[in-house]
Amino acid sequence: MIPLAERLAEHRRLAILRCLADLPAEERERLLILALLALLPQGAGNVSLLRDLTADAGAPILRDKVLAHGAWLADHGLAGAGRDQSGVDILAVTERGAEVAEGRRAWPGVAPVANLDWFCSRLASLAMAASRPQVEADVSFLVGAGLLDASATDSMLVLTSRGADVAAGREVVPGVRKPSYGAALRAGALAARSILER
């Protein structure tokens, strides 16, 4: 029999992954691009660098998609998009975009910053309230298992491809509850809808 504390931790860890996985992929990707831009010198970087940095964070975004997100961010005043004299595509975060990346401002179409406070609030809304140290321990476990990445930015956690697989029930990791069959079906339906809406 699994001790109650460990059973609760398994459920919280799955809930943390699901909280991120349930956010639309486009919104998570836009937030990641803004957060990475905010960390770069002068708040700007080329598309190739951003593609590599998203891959380093365990959430790779293809070049064309980085360009499309850059155009969306520019249309909303969160980033500037342009091309230098040699034809290299450049993105630069605006002050408004930096506020969104730091979690000081919400923006429709951009995911909220996933930090410990956000996770504590989300878990409480799911009737899984936990202390901050418990959530920190769960997040540390998930980072150690390669399901979340904390290296991309100082202020947020990123769901890795492997973390998305665990949240959807495509992979099993000891210490994380496997989603129920119904939850896995709902996750698959949401993923399919997300793909079709692109």
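Keep in mind it's a predicted model, so treat the numbers as computed, not measured.
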Scanning both residues in full, the closest heavy-atom pair of Ala15 with Met128 reads CB-SD, 3.8 Å
Using a 4.5 Å side-chain heavy-atom cut-off and chaining through intermediate ILVMFWY residues, the residues clustered with Val88 come out as Ile90
inquiry  = I'd like to check Leu157 versus Ile16 (side-chain heavy atoms, cut-off strictly below 4.5 Å). Are they in contact?
reply    = no
TODO: For residues Ile33 and Leu53, determine if any side-chain heavy atom of one lies less than 4.5 Å from a side-chain heavy atom of the other.
DONE: no
Residues passing the side chain to side chain donor-acceptor pair (under 3.5 Å) test with Arg28, sequence neighbours excluded, are none
Residues at least two apart in sequence or cross-chain that pass side chain to side chain donor-acceptor pair (under 3.5 Å) with Trp118, listed by chain then number, are none
Problem - CA sep, side-chain torsions, deciding dist, call: Val113, Met156, side-chain contact (heavy atoms from CB on, under 4.5 Å) - result: CA-CA 6 Å; Val113 173; Met156 65 182 251; 3.6 Å; yes
In this structure, CD of Glu102 is separated from CG of Asn115 (nearest 0.5 Å) by 12.0 Å
For Asp64, the side chain to side chain donor-acceptor pair (under 3.5 Å) test, sequence neighbours excluded, returns none
Is there side-chain contact between Lys65 and Glu26, with at least one heavy-atom pair below 4.5 Å? yes
Side-chain donor/acceptor of Thr94 to backbone N/O of Leu78, under 3.5 Å: yes
Using a 4.5 Å side-chain heavy-atom cut-off and chaining through intermediate ILVMFWY residues, the residues clustered with Leu8 come out as Leu4
Is there side-chain contact between Lys178 and Val173, with heavy atoms separated by less than 4.5 Å?
no
Closest non-hydrogen contact found for Ala101 with Ala38 is CB-CB, 4.4 Å
Looking only at heavy atoms, the pair that brings Ala57 and Thr160 closest together is O-CG2, 4.0 Å
Return all side-chain donor-acceptor pairs below 3.5 angstrom for residues 40-52, not counting sequence neighbours, or 'none' if the list is empty.
residue	atom	partner	partner atom	Å
Asn46	OD1	Ser48	N	3.1
Asn46	OD1	Leu49	N	2.7

| Leu116 reachable from Leu142 in the ILVMFWY side-chain graph, under 4.5 Å edges | yes
Heavy-atom nearest pair, Arg122 first then Ser125, reads O-OG, 2.7 Å
Looking only at heavy atoms, the pair that brings Ala114 and Leu20 closest together is CB-CD2, 3.4 Å
So the ring-ring contact (aromatic ring centres under 6.0 Å, His included) pairs with at least one residue in residues 12-68 (sequence neighbours excluded) are none
Value for CZ (Arg177) from OG (Ser180), rounded to nearest 0.5 Å, stands at 6.5 Å
Test your reading of the model: is there a side-chain donor-acceptor pair from Thr54 to the backbone of Ile61, 3.5 Å cut-off? yes
side-chain contact (heavy atoms from CB on, under 4.5 Å) filter on Gln134, not counting sequence neighbours, yields Arg12, Ala130, Ser131
Applying side-chain contact (heavy atoms from CB on, under 4.5 Å) to Phe141 and not counting sequence neighbours gives Arg13, Val176
Evaluate Leu23 against Leu31 for side-chain contact (heavy atoms from CB on, under 4.5 Å), listing each step before the verdict.
CA-CA 11 Å; Leu23 295 171; Leu31 176 64; over 6 Å; no
Heavy atoms of Val158 and Ala59 approach each other most closely as CG1-CB, 3.7 Å
Margin query: For a 4.5 angstrom cut-off between non-hydrogen side-chain atoms, does Asp89 reach Leu67?
Written below: yes
message = Less than 4.5 Å apart, side chain to side chain, heavy atoms only: is that true for Leu147 and Asp165?
response = no
Exercise for the section: Treating Ile, Leu, Val, Met, Phe, Trp and Tyr as nodes and any side-chain heavy-atom pair under 4.5 angstrom as an edge, say whether Leu126 and Val166 lie in one connected cluster. Expected result: yes
Problem - Within 6.0 angstrom of Glu6 CD, more than 12 heavy atoms from elsewhere - result: yes
Does any part of the side chain of Arg30, heavy atoms only, come nearer than 4.5 Å to the side chain of Leu34, both counted from C-beta?
no
Keeping the roles fixed (side chain from Arg105, backbone from Glu99), state whether a donor-acceptor pair exists under 3.5 Å.
-> no
- request: Go through the steps for Asp149 and Val143 under the test side-chain contact (heavy atoms from CB on, under 4.5 Å), then give the verdict.
  value: CA-CA 6 Å; Asp149 184 88; Val143 169; over 6 Å; no
Sequence neighbours excluded, the answer for salt bridge (charged side-chain N to carboxylate O under 4.0 Å, His left out) partners of Glu27 is none
Sequence neighbours excluded, the answer for salt bridge (charged side-chain N to carboxylate O under 4.0 Å, His left out) partners of Asp117 is Arg132
By side chain to side chain donor-acceptor pair (under 3.5 Å), Arg96 pairs with (sequence neighbours left out) none
